[in-house]
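Excluded from the calculations below are hydrogen atoms, water molecules and symmetry mates; all remaining heavy atoms, backbone and side chain alike, are included. Note that this is a predicted model, so its numbers are computed, not measured.
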Amino acid sequence: MTGLDIAHLRHALALEFPRIDHVRETGSTNADLLNDAAPLNRAVLFADVQTSARGRLGRSWSAPADAQLITSVMLLPESVEHLGTLPLAAGLAVTDTVDGAVLKWPNDVLYDGKKLCGILAERAGDGRVVLGIGLNVSLTREQLPVSHATSLLLEGHSTDRTVVAESLLRNLSTRLDQWESQSPELLDDYRAVCSTLGQQVRLEAPGGDIVGRADGIGEDGSINVGGKFYYAGDITHLRPAEDA
């Protein structure tokens, strides 16, 4: 397990990310950037531990200090029209970084069927968007929060957080460029690593479950199940139909 070399990251990624900061402990890196009085596009904040971390739909999660790569990136998009595909772009950046990782719609990063990384995009009222990523790096099996999670350590990948952070941010920069330009390559690449496609799935939603085959991903990031498109914000869980 190694610490983050922020000086190296600042030097190596100066062209892609104008500000890279680090704190030992915070409640939430997303909240810290959203509360920044002087937001800067593509400013990055790392933390070694979070005490009030949240996932999608307000689900809480935690991990021992230094065991995850915890980062948030501030975005000042010219338009919020395509926000639905932003978490997909972030998930794709993680699969670019970790060989063998795949995506469960919309942005759960899986390795051998187990969750490796969580992603949360949050929008402020003034149009700012913060993208948070929590990648399990050196968690042991005993430290995993749930049995269906995993870490880079357990899967035999590098646990040097500086190396992983540099690779992740470089890949994220590329995918954010594609997202901003609405390059068709982004969703083409997403579909290629989305393990949900072709599966019989159950979408759990407040209005009732939907069961059907996942046949496609829309240009807005929605999923086609049984001939109808559904959005991530409308779904509580997506599971293989036989597991529900």
Side-chain angles (χ1 to χ4, degrees), residues 1-14 16-76 86-87 90-91 93-94 97-98 107-109 114-124 128-146 149-155 157-173:
M1 180 173 62
T2 57
L4 278 170
D5 186 341
I6 296 299
H8 170 80
L9 294 176
R10 286 171 176 161
H11 176 75
L13 299 163
E16 293 92 342
F17 298 94
R19 190 177 78 206
I20 299 178
D21 293 322
H22 171 262
V23 294
R24 174 61 181 166
E25 180 178 319
T26 188
S28 163
T29 53
N30 268 22
D32 289 351
L33 286 184
L34 285 172
N35 291 329
D36 191 339
L40 180 64
N41 191 48
R42 298 203 185 186
V44 178
L45 177 62
F46 286 100
D48 297 324
V49 64
Q50 290 187 121
T51 57
S52 302
R54 295 178 296 108
R56 199 171 72 87
L57 301 177
R59 300 173 187 130
S60 62
W61 57 269
S62 62
D66 304 313
Q68 291 186 316
L69 186 66
I70 301 168
T71 188
S72 294
V73 180
M74 169 65 73
L75 300 173
L76 304 176
L86 178 59
V94 180
T97 304
V98 182
N107 56 6
D108 278 350
V109 181
K114 296 182 178 181
K115 188 168 180 177
L116 181 66
C117 178
I119 294 168
L120 178 65
E122 295 185 278
R123 177 187 173 192
R128 288 181 291 164
V129 178
V130 170
L131 186 62
I133 299 174
L135 174 62
N136 295 338
V137 175
S138 58
L139 278 82
T140 64
R141 202 167 305 280
E142 293 73 26
Q143 292 172 326
L144 294 173
V146 291
T150 190
S151 69
L152 296 180
L153 173 69
L154 294 174
E155 303 302 339
H157 287 266
S158 171
T159 59
D160 185 319
R161 288 196 296 151
T162 301
V163 171
V164 177
E166 182 176 351
S167 177
L168 175 60
L169 287 180
R170 287 195 188 281
N171 289 322
L172 182 60
S173 178

Counting N and O atoms only, with roles assigned by atom type, does the side chain of [X] sit under 3.5 Å from a partner on the main chain of [Y], one being a donor and the other an acceptor?
X      : Y     : answer
Asp48  : Ala65 : no
Arg10  : Ile20 : yes
Arg128 : Leu34 : yes

Task: Any residue meeting salt bridge (charged side-chain N to carboxylate O under 4.0 Å, His left out) with Arg170, in chain and number order, not counting sequence neighbours - done: Glu16, Glu166
Task: Results of side chain to side chain donor-acceptor pair (under 3.5 Å) for Arg123 - residues two or more places apart only - done: none
Task: For Thr71, side chain to side chain donor-acceptor pair (under 3.5 Å) partners two or more places apart - done: none
Task: Between CG on residue Leu152 and CG on residue Asp160, distance to nearest 0.5 Å - done: 11.0 Å
- [ ] Mind checking the CZ-CG spacing from Arg42 to Leu172? Nearest 0.5 Å is all I need.
- [x] 7.5 Å
TODO: Could you pull out the closest heavy-atom pair between Leu33 and Met74, with the gap in Å?
DONE: O-CE, 3.0 Å
TODO: Could you tell me whether Asp66 and Arg24 make a salt bridge, using a distance below 4.0 angstrom between a side-chain N and a carboxylate O?
DONE: yes
Task: side chain to side chain contact (heavy atoms under 4.5 Å, CB included), paired with Ile119, selected from Leu135, Leu131, Asp108, Leu86 - done: Leu131
- [ ] Pick out which of Arg141, Lys114, Glu155 makes a side-chain hydrogen bond (donor to acceptor under 3.5 Å, both in side chains) with Thr150.
- [x] Glu155
Task: Gln50-Thr29 side chain donor-acceptor pair, cut-off 3.5 Å - done: yes
